[in-house]
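The structure appears right after this line, and notes come after that.
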Amino acid sequence: MINLLKRVGPIFFIPIALYCFFMERPDSGIASEVDKGLSIGERFHRETSLSWTKVLKDVFRRKPARPPAYKTYPDARVIALPPAAYRGMLLEEAIRRRRSVREYSRRPLTLEQLSQLLFAAQGITGRLFGQPLRSVPSAGALYPFEVYVIVHRVQGLEAGVYHYAVNPHALEQIKVGDFRREITRAGLEQEMLGEASVVFVLSAIFDRTRSKYGERGFRYVYMEAGHISQNIYLQAVSLQLGSVCVGAFLDDRVNALIGVDGRKEAAIYLHAVGTL
Ligand SMILES: Cc1cc2nc3c(=O)[nH]c(=O)nc-3n(C[C@H](O)[C@H](O)[C@H](O)COP(=O)(O)O)c2cc1C
C-alpha cells in the first residue's frame, strides 16, 4: 500500500503544486486592495500567514543556507561554569510568585546562580537521535538564539560582555569593562538595566530558523524569545532573585554592544536579573 502511494503520490502532488504556484496571485484583485491599507506590522502578519497554497509553494521556494548550530569565539577567554545542580522551589510556587522586579540590592550574583540561569535559558537537557535538545522548545529544534550576558556584578567574573557557549556550558569573554551606562542608555534609560547584576541579551540568528521555515520563521524566533525569558523569570524566582524582561531598547546600540550586525543576527529581548 505504502509502495503504491509512493508511486502514485507525485501524480497527484505535482499538478496540485503547479496549480497553487500559478493560481495564487496575492498581488492581484481584492488581496492587493486590502494590502494597500496595511501597516508594516499588519503586512508582516498577513504575509507570513499560512494557507495550504503557501505551504505547497514554500516547498519550491529557495531558503537561506543553514548557519552552524553553535556560534563560537575561538580567541575568547573561556570561563567554565559550575554544573547547574540547584534544586529549588516547586514549579507551582515559582509560577505563583513570578513578578517583574526592577529594584535590586548591590549584592553580586554568584557564579552558581548565573550558571543556573543560563542553563534555564538554553541548557542542553536531552538528546533525540543524537541531537542535543535544550531547556526551551524551538521550532524544528533549530535553536536560533545566542545568549549574551552583560555582567555588572558577579562573584569571580570581571565586568564585561560574555557569550554563553551552550555545548561546553561555559562563558566566552568578549569585552571587559563597565557597561552599566551603555546598556541603560541603549535601554531607553530604564535604570534597572544598570542596577541589575546581569543583563541577558537574547540575540537571534534568523537563518537557522529561516533555512527551514522561510519568512514564517521570523514569527517562530519571536515566540522562542518568550520561552527563554519565561524560563529565566521562573529560575530567578526559584533562586530568590528579581528579574524583568525588556522589549523596549535601541536595537542598533544593543547590537553594537554585543557585536552583531542587526540583520543576520539581532538582539530581540533583554532580561535583567539582580539580587533582592
Ligand atoms: C514583550 C514584553 C516586553 C516588555 N518590555 C518591558 C520593558 O521594556 N520594560 C519594563 O520595565 N518591563 C517590560 N515588560 C514587563 C511588563 O511590564 C510586565 O510583565 C507587566 O507589567 C506585568 O507585570 P508582571 O510581569 O509583574 O506580572 C515587558 C513584558 C513583555 C511581555
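Throughout, numbering of the chain's residues begins at 1 and tracks the sequence. Remember, it's a predicted structure, so these values are computed and weren't measured experimentally. When a ligand or atom number is given, it counts from 1 through the structure's own listing order.
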When you look for protein heavy atoms under 4.0 Å from ligand 1, which residues do they belong to?
->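 Lining ligand 1 at under 4.0 Å, by heavy atoms, one finds Arg98, Arg99, Ser100, Arg102, Gln190, Met192, Val244, Cys245, Val246, Gly247, Ala248, Tyr269.
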Charged N to carboxylate O below 4.0 Å: is that the case for [X] and [Y]?
{"X": "Glu182", "Y": "Arg253", "result": "no"}
{"X": "Arg153", "Y": "Glu195", "result": "no"}
{"X": "Arg263", "Y": "Asp261", "result": "no"}

Any donor-acceptor N or O pair under 3.5 Å, side chains Tyr233, Ser100 |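 Yes, Ser100 and Tyr233 have a side-chain donor paired with an acceptor closer than 3.5 Å.
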Judged by atom type as modelled, is there a donor-acceptor pair below 3.5 Å linking the side chain of Ser135 to the main-chain atoms of Ala120?
-> yes
Counting only N and O atoms by type, is there a donor-acceptor contact under 3.5 Å from the side chain of Tyr86 to the main-chain atoms of Glu112?
-> no
